[in-house]
There are 2 protein chains.
Amino acid sequence: MQIRSTLPTLKDVARLAGVSPITASRAIHRPELVAEATRMRVKQAVEQSGYVPNSLAGGLTSRQTRLVAAIVPSVAHSLFSDMLNALISRLAADSYETTLGISNYEPEHEETWLTAMLSRRPDGVVLTGTEHTTRTRRLLLNANIPVVELWDYSPHPMDVAIGFSQEDAGRAVFRYLAACGYQRPAILRSEDSRAHRRAQGFARAAAEANAPEPVQIVFPESSPQAGRGREALGALLVKAPDADAVFCSSDALAQGVLAYAHELGLNVPQFGVFGFGDQALAVNSIPALSTVRIDGACIGRLGAEALITRMRGAPATPAQDVGFEIIARGSTRPAEPLRRQ
Amino acid sequence: MQIRSTLPTLKDVARLAGVSPITASRAIHRPELVAEATRMRVKQAVEQSGYVPNSLAGGLTSRQTRLVAAIVPSVAHSLFSDMLNALISRLAADSYETTLGISNYEPEHEETWLTAMLSRRPDGVVLTGTEHTTRTRRLLLNANIPVVELWDYSPHPMDVAIGFSQEDAGRAVFRYLAACGYQRPAILRSEDSRAHRRAQGFARAAAEANAPEPVQIVFPESSPQAGRGREALGALLVKAPDADAVFCSSDALAQGVLAYAHELGLNVPQFGVFGFGDQALAVNSIPALSTVRIDGACIGRLGAEALITRMRGAPATPAQDVGFEIIARGSTRPAEPLRRQ
DNA sequence: CTGTTAGCGCATTCAA
DNA sequence: TTGAATGCGCTAACAG
């Protein structure tokens with residue numbers, strides 16, 4: 001148990017400034033309600049005493065914590081880290097801080113995090129996707145605070161959802177690859193549920209086009225996606241030597257695949273490599289790489305803004321489809337966005 | 001202002017269970033102090049009422065928040081995101097939650113974050129590096145809580161520091177490259193201060209070896225490091241066409257450089273590419289890439305553990321040098337670690 | 001513009 | 001093993 005010298009309280013500041021505690025409080029948090037002179041004296045007292053407000057006490061009284069609880073599946077993927085950066089920064093601009101939980105793509109972990117986090121009485125919650133345990137939903141319902149679900153478009157969100165249809169994205173990629181003339185596109189992906197739904201869309205589009213069912217190489221979720229490139233492509237070339245294009249579940253994976261493809265002497269883009277995310281774009285060092293462009297930072301910012309709106313008590317658009325964009329580079333045909341919202 | 005139905009309090013639970021509030025509290029937090037039967041009744045009351053403890057009130061009384069304030073320069077770099085993941089997970093294992101601030105490599109931003117965060121009375125603080133504003137130091141001194149500084153080894157930390165000497169790392173890379181026979185190694189790096197110090201060590205080693213001063217290409221800090229590969233290598237080849245190796249400030253950058261080098265038809269590893277971090281390793285799809293291996297996850301875990309020790313009131317080793325490791329692959333000479341702690 | 005009163009929900013301290 | 005009294009530090013509501 002840490003023995004810490006008692007920190008100065010508002011009472012100390014008030015005494016120093018020769019005012020009542022509530023006036024000191026106002027001078028700090030709502031300076032416009034206080035006379036110039038008083039404000040100055042309080043300000044000086046704050047500096048002199050090294051006062052740091054105690055927001056536990058403040059939150060207890062005001063029932064506002066200026067805290068947001070966010071839970072993401074991972075911080076290792078650029079999409080999520082971009083989002084997180086934008087989310088945290090945007091929230092900070094409105095004086096909200098963020099507690100971060102990492103679910104490792106497991107709804108049960110999400111629930112565990114949420115349980116712990118709710119005891120801090122956050123003003124709002126940010127979750128990923130729309131798959132949550134029953135208890136998670138119940139907790140959130142009882143807590144009765146704004147909730148934003150990011151990444152998936154859902155017509156019936158718990159509160160607010162901002163994202164896009166993973167299925168549509170997968171479908172669009174298949175159609176694009178088919179339009180480029182690829183005959184046997186395959187899928188290299190991790191196990192997570194969003195990648196899974198993209199793959200479903202992809203396969204469905206294939207079925208609709210009477211194309212053969214796409215071969216899938218699936219590997220467990222894990223941090224170093226790029227590292228999977230080698231083994232995933234290797235596995236594919238064994239399982240489906242005639243594959244002529246791959247849809248990767250992340251940009252990092254696509255880069256790893258590309259590096260290995262180069263090494264094998266595969267001719268890209270005759271062998272098509274398709275990524276997912278925003279990095280391959282920034283990486284314009286990779287002209288052969290096409291991608292489904294998703295702007296994680298944008299989702300983070302929009303999420304923060306929707307949440308702020310809700311935390312202010314205003315209703316927000318319950319569901320927002322931010323869409324996606326097909327970016328084609330080095331393809332056998334000119335680029336042509338299939339869908340843009 | 002959100003109108004929220006009043007949540008059940010401990011009093012409600014107590015009433016339901018037919019005990020006093022303090023007994024209910026004990027049943028929840030220190031069950032071993034309470035009779036089996038009572039505990040059960042309380043447990044049921046908790047479930048029935050959907051009680052969620054209010055840790056604002058708890059923290060106010062107990063002066064313990066189980067909250068850790070962490071500030072990192074960026075979440076976009078794998079080193080930091082690996083660290084963050086390990087840090088947050090390890091802290092969570094001991095029931096600590098984390099509020100996250102992102103400083104963008106600016107000590108002033110760090111100060112701003114810290115100011116806001118300290119009002120939540122965190123039990124501990126995690127910072128990056130040893131460069132902090134005077135006010136940051138003063139705030140922390142007054143707050144009188146455990147502080148862990150990560151990434152840099154410093155013999156005189158504020159409280160606990162865990163990291164390695166950036167200078168030594170730079171120096172080791174130069175020596176390694178020289179030993180491999182590279183005559184004119186250059187540096188491609190972002191502006192951040194740790195990369196800067198590595199470059200200094202690199203240059204110093206060059207001077208000591210009577211080698212020409214290494215050319216440096218410096219670009220501003222920004223998320224998509226890999227995207228810089230193209231322009232950085234391009235700039236280098238203009239400024240120093242005779243450069244025969246590059247020391248990149250991150251693995252992502254090195255991958256971008258490598259991709260562009262391939263494109264240009266540069267023969268790697270005759271043209272040496274040296275990364276920094278843990279990704280190029282995981283990416284064993286890149287046999288040409290050597291690297292200074294730094295294990296971000298390890299730093300995060302060690303940081304969490306040191307902080308937990310301190311938060312329990314125990315002293316911790318003030319400074320820990322975790323060292324680094326030279327990993328050589330595809331080099332013109334066999335690998336030979338220069339230093340290993 | 002400033003102050004008084006009261007209470008937020010809980011855990012510590014002491015007593016039974 | 002349980003309970004009563006108390007106060008943590010602050011701000012809402014009202015009064016002046």
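Numbers restart at 1 for each chain; the letters A, B, ... are given by sequence-line order, proteins then strands.
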Margin query: Please determine whether a side-chain nitrogen or oxygen atom of B:T38 lies at a distance below 4.0 Å from atom OP1 or OP2 of D:dT2.
Written below: yes
Check: Which parts of nucleotides 5-12 of chain D does protein reach within less than 4.0 Å, heavy atoms only, written one letter per nucleotide 5' to 3' as B for base, S for sugar-phosphate only and - for none?
Finding: --BBBBBB
Item checked: Side-chain ion pair, A:D159 and A:R310, N-O less than 4.0 Å -> yes
Margin query: For a quick test of reading the model: is some side-chain N or O of B:T23 closer than 4.0 Å to OP1 or OP2 of D:dT2?
Written below: no
Check: If you round to the nearest 0.5 Å, how far is CE of B:M83 from CD1 of B:I88?
Finding: 8.5 Å
Notebook entry, point to check: Roughly, in whole Å, what's the span from CZ in A:R41 to C1' in C:dC1?
Noted result: 13 Å
Notebook entry, point to check: Counting distance only, does the side-chain N/O of A:D192 pair as donor-acceptor with the main-chain N or O of A:R194 below 3.5 Å?
Noted result: yes
Item checked: A:T130 side chain vs A:D152 backbone, donor-acceptor pair below 3.5 Å -> no
Item checked: Euclidean distance, atom CG of residue B:D12 to atom C1' of C:dC10 [Å, nearest integer] -> 13 Å
Margin query: For a quick check under 3.5 Å, do B:R301 and B:S89 share a side-chain donor-acceptor pair by atom type?
Written below: no
Next item on the list: Output the distance between atom CG (B:L10) and atom CD1 (B:I28), rounded to the nearest 0.5 Å.
Entry: 5.5 Å
Checklist line | Separation of atom CE in A:M40 from atom C1' in C:dC1, rounded to whole Å | finding: 17 Å
